[in-house]
Amino acid sequence: MPQVLTANRLSDGEVVYLASDGAWVERIAAAKVFTSPAEGESGLHIGAAAERELKIVHAYLFDITPAGKPVKMREVIRAAGPTVRRDLGKQAAL
Amino acid sequence: MYRYDEFDQKAVDERVVQFSGQVARRLSGELTEDEFKPLRLMNGLYLQLHAYMLRVAIPYGTLSSKQLRMLAHIARKYDKDYAHFTTRQNLQYNWPRLADVPAILADLATVEMHAIQTSGNCIRNVTSDHFAGASADEVDDPRIWSEIIRQWSTFHPEFSYLPRKFKIAVTAAPKDRAAIKVHDIGIIIRRDAADVLAFDVYVGGGQGRTPLIGHMIGESIAAEDLLAYLEATMRVYNQYGRRDNIYKARIKILVHQIGADEMRRQVAVEFVEVKAQGALALPQVEIDRIAAYFASPAFETLSDENPTTANPAFNVWLENNVAKHKVPGYAIVTVSLKPIGGIPGDASAAQMDVVAGLAEKCSFDEVRVSHEQNLVLAHVRQRDLLTVWQQLAAAGLGTANYGLITDIIACPGLDYCDLANARSINIAQAISTRFANQDRQREIGELKLKISGCINACGHHHVGHIGILGVDKKGVEFYQITLGGSGDETASVGEILGPAFGEADVPDAIETLIDVYFAKRSPGERFLDTYRRVGIQPFREKLYAAH
Amino acid sequence: MPLIKNAAFTENQFVHVADDETLPQGNVIVSLKRWQTERADLITRNAPIGVRLNSDQSAEALAGDVHHFALIEIDFPKFRDGRGYSSARILRQRLAYTGEIRAVGDVLRDQWLFMKRCGVDSFEVRPGTRLEDFRSALTEQTVFYQRSSDHHRSVFERRHTACQALAAE
């Protein structure tokens with residue numbers, strides 16, 4: 001299953017994703033998609049390095065569908081914001 | 001209420017500086033996240049799903065108007081214009097930036113508030129009866145003793161790296177409004193035959209993965225020995241509580257494994273040692289000093305009146321949300337934070353300001369937070385009730401549902417919490433909306449419905465008359481229902497009904513349970529009474545036949 | 001690992017001896033187990049002796065013996081493991097031990113003050129630790145609500161001695 005690397009930004013806790021250019025971005029739509037376990041493994045190394053560089057906290061991979069949506073509710077909510085407050089979180093700006 | 005003296009203020013001010021330094025060390029990389037985590041947790045700072053979360057201590061749920069206004073101010077300035085009142089009488093901000101937390105703590109310190117020990121494996125914020133000082137049934141103000149325990153447990157050098165978190169609750173009334181039997185330590189204050197205060201200490205209650213009711217370990221402990229007894233209990237736990245398995249690390253597991261009698265013996269041995277050192281004996285002059293802060297406010301001499309009006313909506317609120325006060329002419333008002341279809345425990349900054357204003361004008365400048373996630377104006381003149389209600393209602397705070405099926409406790413669940421397996425607020429909203437009809441709610445009568453989004457049970461589902469636990473089954477949220485829990489003086493742990501329900505089916509399942517209750521109840525019985533008389537079977541049969 | 005005692009870096013005067021190792025001359029630290037099995041021989045030695053308590057070993061095991069030790073080491077295998085704080089308090093209070101108590105293992109800067117309050121008086125610290133960090137960590141808090149194993153009186157007591165002092169003036 002394809003995967004995306006995510007973390008929270010150290011300074012403010014914002015949910016971020018690793019993009020193809022190595023930047024940590026706030027939108028899941030801009031995230032790099034890892035298509036193999038080996039790629040995912042390399043992603044985790046990038047995450048660990050970013051933690052040491054004080055950019056982010058707790059990098060991990062999660063599964064997405066072929067359409068690019070998170071499989072688990074937890075990641076759906078992290079990518080959008082609280083389902084009970086559509087005016088808050090990333091979804092508020094959409 | 002208690003006011004800081006120079007010592008208290010200095011302790012909090014020093015902590016602000018210390019924590020600011022810790023944040024700076026984290027941001028500079030001197031501290032790793034693993035090292036920073038226990039430090040930030042001991043200062044109430046979590047990293048949740050969307051952002052950091054800061055939990056502010058509201059000791060035993062008592063606030064001044066000025067403090068509540070500051071909480072509103074912080075919500076506006078550093079957060080998203082609202083905050084969440086929790087089942088531990090605390091308040092949580094869901095969106096603070098790490099770099100802003102030192103400034104937030106500095107603001108809190110100006111109104112004698114802090115976030116010390118609101119998380120971490122230490123002694124947490126002490127909770128108590130939200131009607132303290134106002135209800136006729138108490139033998140003493142439990143906040144005096146809660147404050148003493150708060151001070152003793154603050155920065156306790158020996159008990160800040162316990163096997164697991166530690167929660168203490170205190171009540172001084174026969175009617176237990178603080179759920180003391182489901183706490184690590186629960187204290188019941190009584191008066192003995194000679195009218196002297198005596199402290200019964202219950203140990204090893206708790207919810208979570210293994211819900212257990214506390215055992216009375218210390219009986220009739222004298223006031224001056226209270227801290228010595230607590231220190232003895234903590235020392236036994238710190239040495240022998242399990243540290244190999246996070247799910248078995250609470251004191252309840254230790255008590256369960258060695259037995260209440262052995263626990264009592266070990267604590268008694270330690271108690272003798274601690275007492276012999278004498279350092280923890282409370283000087284009477286200090287007890288008196290703290291007690292003086294909780295002296296009754298200057299009540300007027302009034303007589304009880306009938307505040308009913310021609311307004312039926314007010315009358316319903318009066319009947320539901322207003323309780324008897326110990327002083328004639330006064331009343332205790334519960335401000336519901338459970339609007340129909342709303343988020344339990346959330347309040348906007350504007351709402352906090354409204355309540356602060358009312359407290360200032362009509363309740364001797366005091367607000368309480370209840371563990372049921374409501375606010376309380378504890379000392380309102382009966383003649384002011386109509387005005388108070390009108391202003392509350394205008395701010396969306398006039399819901400007349402205290403103790404009813406829509407007065408739901410719910411943890412933040414998967415909408416906010418990093419530990420959650422499922423959402424809980426959405427379930428609370430769906431049930432609240434389904435049972436919106438006021439007459440129907442009142443016909444059902446007292447019903448404590450409590451929802452948790454994971455087994456940690458922050459939503460107290462184990463002690464709900466109806467409890468709901470969210471679980472994750474292969475990525476889909478399901479909800480397990482328990483019946484017959486209770487957090488009061490008749491404390492009991494709910495029993496699981498059967499297989500869990502999907503999100504959409506929960507309101508129907510609750511309807512079915514209410515139908516069974518209506519069919520089976522005898523006159524005057526609450527849901528819990530009927531359940532205790534007829535048992536789980538009729539509910540189970542109907543529910544699983546219907547679904 | 002560097003060692004701090006009395007707010008200064010100090011040479012470690014003791015050597016650890018494994019249970020199966022022959023005891024060398026000079027100051028040694030032995031395990032609790034070795035102390036218990038070889039107690040009769042060990043007390044006849046002339047050099048100062050230290051004993052090491054693991055976090056799952058109760059200080060009570062040394063009851064009646066503490067006067068034999070110049071040093072008791074308390075191991076903190078992980079900084080989250082707080083049993084050693086109680087061990088130190090029991091050594092100081094109940095067993096009236098007055099020799100050196102040394103905290104070793106995974107000890108963080110933010111724990112030194114609490115350890116000191118519980119009776120620890122020397123600290124194995126991470127390489128690179130600066131003495132000014134140590135000093136400031138010990139002075140970040142000055143208000144102590146509870147009596148412990150250090151010299152501080154509790155706030156409960158200080159409040160009233162302050163009053164009495166004022167009244168006496």
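All chains are named by letter (A, B, ...) in the order of the sequence lines, taking the proteins before the strands, and each is independently numbered beginning at 1.
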Test B/Glu14 against C/Gln141 for side chain to side chain donor-acceptor pair (under 3.5 Å), laying out the working first.
CA-CA 6 Å; B/Glu14 285 177 345; C/Gln141 291 181 348; over 6 Å; no
What verdict does the salt bridge (Lys or Arg N to Asp or Glu O under 4.0 Å) test give for B/Lys10 and C/Glu140, after you've listed the backbone C-alpha separation in whole Å, the side-chain angles of each residue and the deciding distance to 0.1 Å?
CA-CA 11 Å; B/Lys10 196 171 182 205; C/Glu140 277 171 351; over 6 Å; no
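Dense packing is recorded around CD of C/Glu132, with more than 12 heavy atoms of other residues, nucleotides or ligands lying under 6.0 Å away. More than 12 heavy atoms of other residues, nucleotides or ligands sit less than 6.0 Å from atom CZ of C/Phe9. Taking a 6.0 Å sphere around CG of C/Asp19, one finds it holds more than 12 heavy atoms contributed by other residues, nucleotides or ligands. Around atom CD1 of C/Ile43, more than 12 heavy atoms belonging to other residues, nucleotides or ligands sit under 6.0 Å away. In this structure, B/Lys167 places its NZ atom where more than 12 heavy-atom neighbours from other residues, nucleotides or ligands lie under 6.0 Å away. The local environment of NZ in B/Lys165 is crowded, with over 12 non-hydrogen atoms from other residues, nucleotides or ligands closer than 6.0 Å.
The contact between C/Asp81 and chain B is made by backbone and side chain atoms together, counting heavy-atom distances below 4.5 Å. Contact of C/Leu113 with chain B is not made at all, since no heavy-atom distance falls under 4.5 Å. Of the two parts of C/Thr142, the backbone and the side chain both hold a non-hydrogen atom closer than 4.5 Å to a non-hydrogen atom of chain B. Both the backbone and the side chain of B/Glu158 have a heavy atom closer than 4.5 Å to some heavy atom of chain C. Heavy atoms of B/Asp244 lying under 4.5 Å from chain C are absent altogether. Both the backbone and the side chain of B/Asn238 come within contact range of chain C, each with at least one heavy atom under 4.5 Å from a heavy atom of that chain. With a threshold of 4.5 angstrom between heavy atoms, C/Ser148 approaches chain B through side-chain atoms but not through N, CA, C or O.
Of the inter-residue distances, the one linking C/Ser86 atom OG with B/Phe159 atom CZ reads 5.0 Å to the nearest 0.5 angstrom. Interatomic distance, C/Ser149 OG to B/Gln277 CD, rounded to the nearest 0.5 Å: 8.0 Å. Between the NE2 atom of C/His160 and the CZ atom of B/Arg289 there is a distance of 5.5 Å, given to the nearest 0.5 Å. Separation of atoms OH (C/Tyr145) and CZ (B/Phe7) is listed at 9.5 Å; rounding is to 0.5 Å. Summarising the geometry, atom CE belonging to C/Met115 is positioned 11.0 Å from atom OG belonging to B/Ser160; distances are rounded to the nearest 0.5 Å. Atoms CZ and CG, on C/Arg83 and B/Leu162 in that order, are 12.0 Å from each other to the nearest 0.5 Å.
The aromatic rings of C/Phe79 and B/Tyr161 stand perpendicular to each other, their planes meeting at an angle above 60°, with 30° marking the opposite boundary.
One finds no salt bridge joining B/Arg235 and C/Glu60 here, because no Lys/Arg side-chain nitrogen approaches an Asp/Glu carboxylate oxygen to under 4.0 Å. Under a 4.0 Å N-O distance rule, the pair B/Arg25/C/Asp110 qualifies as a salt bridge. C/Arg89 and B/Glu231 are joined by a salt bridge, as a carboxylate oxygen and a charged side-chain nitrogen come within less than 4.0 angstrom of each other. Ionic pairing of C/Arg80 and B/Asp34 is present here: one or more N-O contacts between side-chain nitrogen and carboxylate oxygen are shorter than 4.0 angstrom.
Contact tally against chain B (heavy-atom pairs below 4.5 Å) for C/Ala88, C/Gly82, C/Ser55: the top residue is C/Gly82. Of the listed residues (B/Val274, B/Asp8, B/Leu280), the one with the most heavy-atom contacts under 4.5 Å to chain C is B/Asp8. Between chain C and the options B/Gln239, B/Gln22, B/Glu273, B/Gln151, the largest number of non-hydrogen pairs under 4.5 Å is found for B/Gln151.
The nearest pair of heavy atoms linking C/Tyr85 to B/Pro157 is CD2-O, 3.3 Å. When all heavy atoms are compared, the tightest approach of B/Leu227 to C/Phe156 is CD1-CE1, 3.8 Å.
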